[in-house]
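Just so it is clear, the structure is predicted and the values come from calculations on it, not from any experiment. Every chain is numbered from 1, with letters handed out A, B, ... down the list of sequences.
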Amino acid sequence: MQHPLASAVNAWYRENARDLPWRRDGFSAWGVLVSEFMLQQTPVARVIPYLERWLERWPSPRDLAAVPAGEAVREWANLGYPRRALWLHRAAEQITEVHGGVVPRDVESLLALKGVGDYTARAVAVFAYGDRHPVVDTNTRRVIARAVHGMGEPAPPSAPRDLGDMEALLSDDDIEARTFNAAAMELGAIVCLARSPRCAECPVRGLCRWVAAGAPAYAGPRKSIQKRYEGSDRHVRGLIMAELRAADIPVTAQEITRLWPDAAQRDRALAGLVADGLAVETGSGYVLP
DNA sequence: AAGCCGTGGCT
DNA sequence: TAGCCAAGGCT
């Protein structure tokens, strides 16, 4: 009653899944939500210690909502993309105010939370609550591109198409569907790698259209290249944020001036951080919100 | 809707 | 080395 590909990947997953905190029995829905925020564009290995510290300090959305957003940003430390900390704090406030402190279960309510998009909403509904939805992340998209479409890399993301592709593979059974959502991601994360896929170890190499076609090189449109970090506005923002996190008193404009020589770029970065709500100007300097 | 948003590890 | 990449989302 299940797609052969899903059946085989699930069997592999049951034997080979990594033991990750959010897969432990009884891990809370809040814990799943926090983990998904942290995992956005950030590798699993870097997330784990941050996640454990975070949940020890704020075991529920209400606990996080009770402290200033700046505390969340400081605890976020070097995880990167500090807006995620701000948004997670905002989401905790929304959960506390609108949902009685309980992480919502339906995708629509989850999507209304700040910082929660198509992936994260479905990941929470499926992995925290066990409901049946397609969950598609970058790993799943790559697995489907190769195994189903015979392409070396996925086409640019398209939610309707990606979710439809996944839906076509998903069992009617909630548990099998949930397992496959996790298993497709896991396969992409540890076997069907972007750079050097380990096809020799792949449980579905015999079903893979890309392998059957001789693993042809990707010929589609190139992904837009990430701009160089060194010397970028993001770099300057990162320097300023590190200074704000380290300080327990306001950081003066003069201290910020010392962080970067180019005044125009520095001003742009600082103004951007203020506009984003990551920095707040006071009479004596800048502080976390 | 393309560009922007941190940080660090890997090749 | 320098680029590529990592459980995305927002504007």
Side-chain angles (χ1 to χ4, degrees), chain A residues 13 17-18 20-23 27 31-51 73 76-88 90-91 110-128 133-144 153-154 156-159 162-163 166 178 180-190 192-197 218 221-245 265 268-269 271-273 275-279:
Chain A
Y13 180 80
R18 291 168 294 176
L20 300 174
W22 45 90
R23 293 176 180 163
F27 200 73
V32 172
L33 181 64
V34 174
S35 75
E36 296 299 350
F37 265 82
M38 291 184 168
L39 287 163
Q40 291 169 7
Q41 298 288 284
T42 306
V44 166
R46 277 185 60 207
V47 161
I48 290 174
Y50 284 87
L51 176 66
V73 174
W76 200 262
N78 297 318
L79 249 191
Y81 291 142
R83 292 195 288 195
R84 291 183 293 167
L86 215 50
W87 293 341
L88 179 53
R90 177 67 191 131
L110 286 160
L111 282 171
L113 301 176
K114 191 68 178 177
V116 173
D118 271 320
Y119 164 75
T120 302
R122 289 176 174 77
V124 170
V126 171
F127 301 133
H133 304 280
V135 180
V136 179
D137 80 328
T138 185
N139 292 306
T140 299
R141 295 179 56 249
R142 186 171 56 252
V143 168
I144 289 176
E153 296 176 27
S158 152
D162 295 340
L163 292 171
M166 191 58 174
R178 179 180 189 273
F180 184 61
N181 277 313
M185 290 166 61
E186 187 76 349
L187 189 69
I190 67 182
C192 194
L193 304 175
R195 295 288 199 84
S196 44
Y218 177 69
R222 293 305 317 173
K223 278 177 289 198
S224 65
I225 14 156
Q226 196 170 20
K227 259 176 53 179
R228 173 188 187 79
Y229 180 71
E230 193 69 25
S232 67
D233 284 8
R234 299 162 78 174
H235 186 177
V236 183
R237 286 171 58 107
L239 292 174
I240 296 172
M241 286 307 297
E243 192 75 10
L244 295 182
R245 285 195 304 267
Q265 195 179 13
R268 191 164 61 239
L273 291 173
D276 289 346
L278 283 165

Let me know the distance between CD of E243(A) and C1' of dG6(B), rounded to the nearest Å.
17 Å
Are W76(A) and M241(A) side-chain neighbours, meaning at least one heavy-atom pair lies under 4.5 Å?
no
Does Y119(A) have a side-chain nitrogen or oxygen under 4.0 Å from the phosphate oxygens OP1 or OP2 of dG9(C)?
no
Roughly how far, to the nearest 0.5 Å, is CZ of R141(A) from CG of D162(A)?
5.0 Å
Tell me whether the OP1 or OP2 atom of dC5(C) has a side-chain N or O from R195(A) closer than 4.0 Å.
yes
Provide, to the nearest angstrom, the distance between the CD atom belonging to Q40(A) and the P atom belonging to dC10(C).
8 Å
Distance in angstrom units between D276(A) CG and dC4(B) C1', rounded:
10 Å
dA2(C) OP1/OP2 closer than 4.0 Å to side-chain N/O of K227(A):
no
When rounded to the nearest Å, what value does the distance between C1' atoms of dA1(B) and dG8(C) take?
15 Å
Test item: side-chain donor near acceptor, N181(A) and R178(A), under 3.5 Å:
no
Under 4.0 Å between any heavy atoms, over every strand shown, what does W22(A) touch: base, sugar-phosphate, or nothing? Just pick one.
base
May I ask you to decide whether D118(A) forms a salt bridge with R122(A), counting only side-chain N to carboxylate O separations under 4.0 Å?
yes
Under 4.0 Å, heavy atoms only, any strand: does A123(A) hit a base, just the sugar-phosphate, or nothing?
nothing
Just compare dA6(C), dG6(B), dT11(C) and give me whichever is closest to any side-chain atom of K114(A).
dT11(C)
With distance as the sole criterion, do the side chain of T120(A) and the base of dG9(C) form a donor-acceptor contact below 3.5 Å?
no
Which part of the nucleic acid, if any, lies within contact of V135(A), taking any heavy atom under 4.0 Å across all strands shown: a base, the sugar-phosphate backbone alone, or nothing?
nothing
Mapping L113(A) and E36(A) onto DNA chain C by nearest heavy atom, which one lands closer to the 5' end?
E36(A)
Tell me: CE of M185(A) to P of dG8(C), nearest whole Å?
8 Å
At under 4.0 Å, does any side-chain N or O of R237(A) touch on OP1 or OP2 of dG6(B)?
yes
Any donor-acceptor pair under 3.5 Å between the side chain of R46(A) and the base of dG8(B)?
no
Side chains of Q40(A) and Y119(A): do they bring a donor and an acceptor to under 3.5 Å?
no
Can you check whether M38(A) reaches T42(A) side chain to side chain, under 4.5 Å on heavy atoms?
no
Figure out the CZ/C1' separation between R268(A) and dC4(B), and round it to whole Å.
12 Å
Quick one: pull up CG in L33(A) and CG in L110(A) and give me the separation to the nearest 0.5 Å.
7.5 Å
Tell me whether the side-chain N or O atoms of Q41(A) pair up with the base of dC5(C) as donor and acceptor below 3.5 Å, since no angle test is needed here.
no
If we take the P atom in both dG3(B) and dC4(C), what is their distance in whole Å?
16 Å
For R234(A) and dG3(C), what is the distance between atoms CZ and C1' respectively, to the nearest whole Å?
14 Å
Do N78(A) and R245(A) have side-chain atoms, one donor and one acceptor, less than 3.5 Å apart?
yes
Validation row: M185(A), Y13(A) side chains within 4.5 angstrom (heavy atoms)
no
Over all strands shown, is T138(A) touching base, sugar-phosphate only, or nothing at heavy-atom distances under 4.0 angstrom?
sugar-phosphate
Check every strand shown and say whether Y229(A) touches a base, only sugar-phosphate, or nothing at a heavy-atom separation below 4.0 Å.
base
If you look at every strand shown and take non-hydrogen atoms under 4.0 Å, does G80(A) touch a base, only sugar-phosphate, or nothing?
base
A189(A) side chain, from C-beta outward: closest of dA7(C), dA6(C), dG6(B)
dA7(C)
L20(A) near the nucleic acid: base, sugar-phosphate alone, or nothing, with a heavy-atom cut-off under 4.0 Å?
base
R228(A) CZ - dC4(C) P separation (whole Å)
12 Å
Would you indicate what R23(A) reaches in the nucleic acid, counting non-hydrogen atoms under 4.0 angstrom: base, sugar-phosphate, or nothing?
base
Dot-bracket summary - DNA chain C, pairs being Watson-Crick or G-U whose distances fall under 3.5 Å, with | when paired to another strand
.|||||.||||
Using a 4.0 Å heavy-atom cut-off, does P82(A) contact any base of the nucleic acid, only the sugar-phosphate backbone, or nothing at all?
sugar-phosphate
Atom-pair distance (CZ on R142(A); P on dA7(C)), nearest Å:
7 Å
Integer angstrom distance from the P of dG9(C) to that of dG8(B)
23 Å
Mind checking Q226(A) for me? I need base, sugar-phosphate or nothing, with any heavy atom below 4.0 Å counting as a touch.
base
Sole residue of T138(A), I144(A), V143(A) in side chain to side chain contact (heavy atoms under 4.5 Å, CB included) with T140(A):
I144(A)
